[in-house]
Protein chains: 2
Amino acid sequence: MNRVATKEDGDGGRCQSGTKTRILDAAERIFTDKGFRGTSLRELTAEARVNIAAVNYHFGSKEALLQAVLERRLVPLKKVQRNRLEMIRKNAQAASVRPSVHGALHAFFGPMISLHDSGQAADGFIRFLGQSFSEQSDTISETFLRHIEPVQILLFDILAEALPHMSHDCLSWRLNFALGSMIHSMSMDHFPSLLPNMVPSISYATMTRCMLDFIAAGLEAPCAQYPSPG
Amino acid sequence: MNRVATKEDGDGGRCQSGTKTRILDAAERIFTDKGFRGTSLRELTAEARVNIAAVNYHFGSKEALLQAVLERRLVPLKKVQRNRLEMIRKNAQAASVRPSVHGALHAFFGPMISLHDSGQAADGFIRFLGQSFSEQSDTISETFLRHIEPVQILLFDILAEALPHMSHDCLSWRLNFALGSMIHSMSMDHFPSLLPNMVPSISYATMTRCMLDFIAAGLEAPCAQYPSPG
DNA sequence: GTCTATACGATGATAGAC
DNA sequence: GTCTATCATCGTATAGAC
């Protein structure tokens with residue numbers, strides 16, 4: 001039996017019955033709506049039209065299922081991010097100029113928004129991603145670390161080139177603030193307007209541009225707390 | 001029997017046995033460490049040396065206990081924030097100048113950090129606050145909305161005075177980004193260094209100054225997405 | 001009024017039949 | 001691979017002792 005290797009079932013193309021895919025799709029949908037801990041395996045398996053024990057058989061545990069749901073989107077996402085970031089770096093080196101802060105940020109944050117706005121099944125995944133960020137689970141933390149950290153180090157290095165006068169400590173903190181802005185914005189849909197009558201009916205693309213302006217200005221600001229590098 | 005009214009037991013001074021206080025203290029401690037959903041009532045009541053049913057008797061439910069834990073710190077916190085913000089506004093009006101962005105931000109964020117650095121029992125509450133922000137619960141969302149929104153509207157109004165050229169839509173978004181930075185930083189302790197070898201051994205006061213620089217610059221940046229107010 | 005012991009339904013997980 | 005039966009544990013509810 002040949003490997004198909006094209007079906008996105010998270011099983012490397014070995015799946016036959018589509019059970020894993022149905023579970024993954026249902027999980028992504030319900031987790032986004034009700035949250036990971038707010039979703040019971042019984043409800044999830046009913047929605048996916050599989051047996052209750054199927055999740056534990058195919059994934060090992062409910063938490064491992066969450067990890068699988070994350071990785072199915074995270075792996076292609078980080079690949080796009082890495083390619084774009086490396087292109088930013090290459091182009092800057094070729095032109096013998098410093099990379100721009102805005103360009104680096106756009107290479108990093110852009111693919112996330114495209115994923116959201118793409119209209120495919122990945123819709124809502126960004127919201128789900130933002131929620132998962134605050135899951136208190138070592139497994140999930142490690143999943144994020146494993147997939148996102150390398151890309152983030154790349155972003156950090158490019159930003160360090162773009163901002164040569166800034167100490168690495170300060171840049172680390174600020175990159176973290178920037179991440180917080182994005183994560184919060186992504187998961188904000190479920191937090192009913194913490195801001196006074198905020199306009200929710202806006203495209204993610206517009207919000208992203210607004211966010212990049214905000215973050216870029218924050219990153220480029222003079223730093224009074226960490227005057228010396230190291 | 002006279003009211004003592006000084007004991008911080010969350011019961012208006014009517015408590016005698018200290019059961020409620022012990023539950024609140026234990027809850028704040030364990031919730032901070034293991035998260036709300038990661039803490040069982042059995043473990044919590046064992047730590048507080050009370051009966052399992054005590055939580056439901058005194059608070060009604062586990063979720064209502066979380067609400068009580070939050071409100072015990074949130075109520076005095078928002079009072080300090082409101083006073084400081086109103087003083088900022090009064091001083092600016094008296095001097096017939098616009099309030100400063102930095103001053104408004106410091107009035108809002110400063111008390112949170114003081115609460116953390118105060119060395120009293122409230123230590124770690126900020127971390128707990130950051131985590132609670134991402135709880136998917138209508139009760140918790142409403143608690144935040146009820147206590148934080150009024151202060152936030154005040155902050156919004158002052159910032160709108162400080163930045164008269166900025167549209168309210170843009171300011172709303174940016175204030176939300178700023179909130180995200182703070183929330184993420186506050187709950188970051190439990191997320192093991194998503195950033196490459198970031199310096200964790202830093203005082204919250206220093207981090208706060210760094211954060212305020214970041215946020216202030218982001219808020220003050222020219223806005224290309226919302227050129228016209230309204 | 002407080003506190004205790006106990007019971008209930010639902011959950012995530014697992015073992016074994018098919 | 002799939003299913004049923006079963007388990008320990010969870011949050012919650014309540015009756016009754018002090």
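It should be emphasised that the depicted structure is a prediction, and the values quoted were computed from it without experimental measurement. Every chain is numbered from 1, with letters handed out A, B, ... down the list of sequences.
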Engineer: Once each nucleotide of nucleotides 13-18 of chain C is scored for protein heavy atoms under 4.0 Å, what B/S/- sequence comes out, 5' to 3'?
Structural biologist: BB----

Engineer: To the nearest Å, how far apart are A:L44 CG and C:dT11 C1'?
Structural biologist: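 About 13 Å, once rounded to whole Å.
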
Engineer: Could you check how far NZ of A:K20 sits from P of D:dT2, rounded to whole Å?
Structural biologist: 11 Å

Engineer: Salt-bridge test for A:K20 and A:D25: reply yes if a basic N is under 4.0 Å from a carboxylate O, no otherwise.
Structural biologist: no

Engineer: Could you tell me the separation between the NZ atom of B:K34 and the C1' atom of D:dC10, rounded to a whole number of Å?
Structural biologist: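 Atom-to-atom, B:K34 to D:dC10, this comes out as 15 Å.
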
Engineer: Write down the distance between CG (A:L65) and P (C:dT11), rounded to a whole number of angstrom.
Structural biologist: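 Computing the A:L65:CG to C:dT11:P distance gives 16 Å.
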
Engineer: Would you confirm whether A:H184, through its side chain, and A:G180, through its main-chain N or O, come within 3.5 Å as a donor-acceptor pair?
Structural biologist: no

Engineer: Drop me the distance from A:H106's NE2 to A:R209's CZ, to the nearest 0.5 angstrom.
Structural biologist: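 Reported value, rounded in 0.5 Å steps: 9.0 Å.
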
Engineer: When the side chains of residues 54-65 of chain A are checked against the rest of the protein, which donor-acceptor pairs come out under 3.5 Å, sequence neighbours left out?
Structural biologist:
from: A:S61; atom 1: OG; to: A:E63; atom 2: N; distance (Å): 3.4
from: A:S61; atom 1: OG; to: A:A64; atom 2: N; distance (Å): 3.0
from: A:K62; atom 1: NZ; to: A:F36; atom 2: O; distance (Å): 3.0
from: A:K62; atom 1: NZ; to: A:T39; atom 2: O; distance (Å): 2.6
from: A:E63; atom 1: OE2; to: A:S137; atom 2: OG; distance (Å): 2.2

Engineer: Can you list every ring-ring contact (aromatic ring centres under 6.0 Å, His included) pair that touches residues 66-87 of chain A, not counting sequence neighbours?
Structural biologist: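 Listed once each, the pairs would be none.
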
Engineer: C:dG1 C1' sits how many Å from B:F59 CZ, rounded?
Structural biologist: 16 Å

Engineer: Indicate, with a heavy-atom threshold strictly under 4.0 Å, whether A:T45 touches base, sugar-phosphate, or nothing.
Structural biologist: nothing

Engineer: With sequence neighbours excluded, give me every salt bridge (Lys or Arg N to Asp or Glu O under 4.0 Å) pair touching residues 137-146 of chain A.
Structural biologist: A:E71-A:R146

Engineer: What does the inter-axis angle of the helix from C:dG1-D:dC18 to C:dC18-D:dG1 come out as, five pairs per end, nearest 10 degrees?
Structural biologist: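 Roughly 10° between the end axes, to the nearest 10°.
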
Engineer: Between A:R174 (side chain) and A:G218 (backbone), is there a donor-acceptor pair under 3.5 Å?
Structural biologist: yes

Engineer: Please tell me if A:T19 has a side-chain N or O lying less than 4.0 Å from either OP1 or OP2 of D:dT2.
Structural biologist: yes

Engineer: Would you list the atom pairs, donor with acceptor, under 3.5 Å between side chains in residues 46-53 of chain B and any protein atom, with sequence neighbours excluded?
Structural biologist:
from: B:E47; atom 1: OE2; to: B:R29; atom 2: NH1; distance (Å): 2.2
from: B:N51; atom 1: OD1; to: B:A53; atom 2: N; distance (Å): 2.9

Engineer: Let me know the distance between CG of B:N51 and C1' of D:dG11, rounded to the nearest Å.
Structural biologist: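 Going from B:N51 (CG) to D:dG11 (C1'), I get 14 Å.
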
Engineer: Which distance, rounded to the nearest 0.5 Å, do you find between the NE2 of B:H147 and the NZ of B:K79?
Structural biologist: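 Between B:H147 NE2 and B:K79 NZ, I get 10.5 Å after rounding to 0.5 Å.
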
Engineer: Hey, which sits more toward the 5' end of DNA chain D by its nearest nucleotide, B:T39 or A:H58?
Structural biologist: A:H58

